[in-house]
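These numbers were taken from a predicted model, which means no experiment stands behind them.
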Amino acid sequence: MNPKALVGRFNPVSRIVRETGGLPDTLGRLGSLEVRLARTTKDIRRAQRLRFKVFFDEMSATPNTRARVYRRDIDPFDRICDHILVIDHEAPRGPFRKPKPKVIGTYRVLRSDVAQAHGVDFYTAGEYDLRALIAANAGLRMMELGRSCVLKPYRNKRTVELLWHGVWRYIVHHKIDLMFGCASLEGTDPAALAVPLAFLHHFAKAPDTLSARALPWRYTDMNLLPREAIDAKVAMKSLPPLIKGYLRLGAVFGDGAVVDRQFGTVDVFVALKVKDIDPRYVAYYGADASRHAA
C-alpha cells in the first residue's frame with residue numbers, strides 16, 4: 001500500500017478531503033513560503049487554529065464554547081469551502097529546535113457552483129441581502145472570499161503577495177467572473193469609524209448591479225459624514241490593509257455596514273468583477289498567474 005494511503009487509513013485527519021480541481025498541489029513559492037490548497041482535515045484544522053490565534057487571541061473576537069475548547073475558529077462553511085494556505089517551511093520553533101512547516105496565512109473561498117451543489121447560501125448572506133446581486137449577474141461564475149488572516153510576524157508585502165498569488169491562480173483556473181464578500185474594520189462603534197465608513201460610502205460605492213444591502217435588522221448607515229468633510233488621504237490611512245488592497249484592485253462597496261459583536265468588528269460588503277481589476281495587477285501576477293509558479 002502507498003505510504004500516504006497507509007497513513008490516511010490509520011490517521012483520519014491525514015485523509016484527503018479536498019480535491020484540487022485540476023490545480024497543482026503547489027500554487028506558488030517565494031523563498032521558504034509556499035501557497036497551496038488545503039487537502040486534508042489536518043490542513044483545514046491548521047487554518048482554523050491560525051484564525052483562532054488572529055481573531056480570538058490577538059483581536060477582540062469572543063469565542064463560543066466549542067472554539068474555546070478546541071482553540072480553533074470552527075465554522076459550518078469550512079466543510080464545503082476551499083482553503084488557500086500560505087506555509088512557511090522554515091518557521092522558527094525556538095532555541096535548539098529544527099524549523100517546522102507552519103500555516104501563517106489563509107483565505108477561505110466558496111464558488112457559486114459549489115454552494116449550489118450543496119444547496120447552501122453564502123456566508124455573506126447572514127449579513128447582506130444578495131438576491132439583487134445574484135440576479136443582476138446571472139450566468140457569471142461567482143466566488144465568495146472570507147476569513148482572511150495572516151499571522152502577525154508575517155504581515156508584510158511578501159506574505160500578502162504570495163497569498164494573493166494563490167487567490168489569483170484559483171480565480172484564473174476556475175474562470176471566476178465576480179468576487180464578493182465581507183471585509184472588516186476593527187471595533188464595534190460605527191461612530192468611531194465614521195471617517196473610513198463615510199469614505200467608502202462616498203468614494204467607492206458600488207453601482208446597483210454590484211451592490212448588496214445590509215439586512216434590515218443589521219443595517220448601519222455608512223453615510224456618517226458629508227462628502228466635503230472627508231480628506232481622502234487621511235481616510236485611506238484609516239482603512240485596514242485588506243480594504244486598501246481591495247480598493248487598489250478596483251473593488252466597490254455595498255449599502256450599509258453590519259456590526260459583528262462576536263468578532264468585534266464592523267463589516268462592509270465588497271465586490272469586484274475580474275474584468276475590472278486594475279490591469280497593473282493582472283500584469284504583475286501574470287494573466288496566467290505565473291509570477292510565483294513553482
According to a hydrophobic-cluster definition based on side-chain heavy atoms being under 4.5 Å apart (Ile, Leu, Val, Met, Phe, Trp, Tyr only), do [X] and [Y] belong together?
X	Y	value
V172	Y284	yes
L215	Y123	no
I84	Y285	yes
L185	Y219	no
L37	V17	no

Could you measure the distance from the [atom1] atom of [X] to the [atom2] atom of [Y]? Nearest 0.5 Å is fine.
X	Y	atom1	atom2	result
R79	H118	CZ	NE2	6.0 Å
L130	D121	CG	CG	6.0 Å
F55	R147	CZ	CZ	6.0 Å
L272	Y246	CG	OH	9.5 Å
L110	T124	CG	OG1	9.0 Å
I87	L33	CD1	CG	10.0 Å

- Item | Geometric cation-pi criterion, R248 with Y281: 6.0 Å, 45° | no

- Aromatic rings H174 and Y170: how do their planes relate, parallel, tilted or perpendicular, breaks at 30° and 60°? tilted

- Query: Taking the six-membered ring for Trp, are Y128 and F269 parallel (under 30°), tilted (30 to 60°) or perpendicular (over 60°)?
  - Reply: tilted

Take atom [atom1] of [X] as the centre, draw a 6.0 Å sphere, and report whether it contains more than 12 heavy atoms from other residues, nucleotides or ligands.
X	atom1	value
F203	CZ	yes
D208	CG	no
R155	CZ	yes

- Does R29 reach the side chain of L162, with side-chain heavy atoms less than 4.5 Å apart? no

- Item | pair I277-M179: side-chain heavy atoms closer than 4.5 Å | yes

Are any of the side-chain nitrogens in [X] or [Y] under 4.0 Å away from the carboxylate oxygens of its partner?
X	Y	value
D78	R108	yes
R39	E19	yes
D75	R51	no

Whether the side chain of [X] engages the backbone of [Y] through a donor-acceptor N/O pair (distance < 3.5 Å, no angle test) should be reported.
X	Y	answer
D221	L224	no
R72	R45	no
E127	C182	no

- Item | No-hydrogen, no-angle side-chain donor-acceptor test under 3.5 Å, D260 and T265 | no

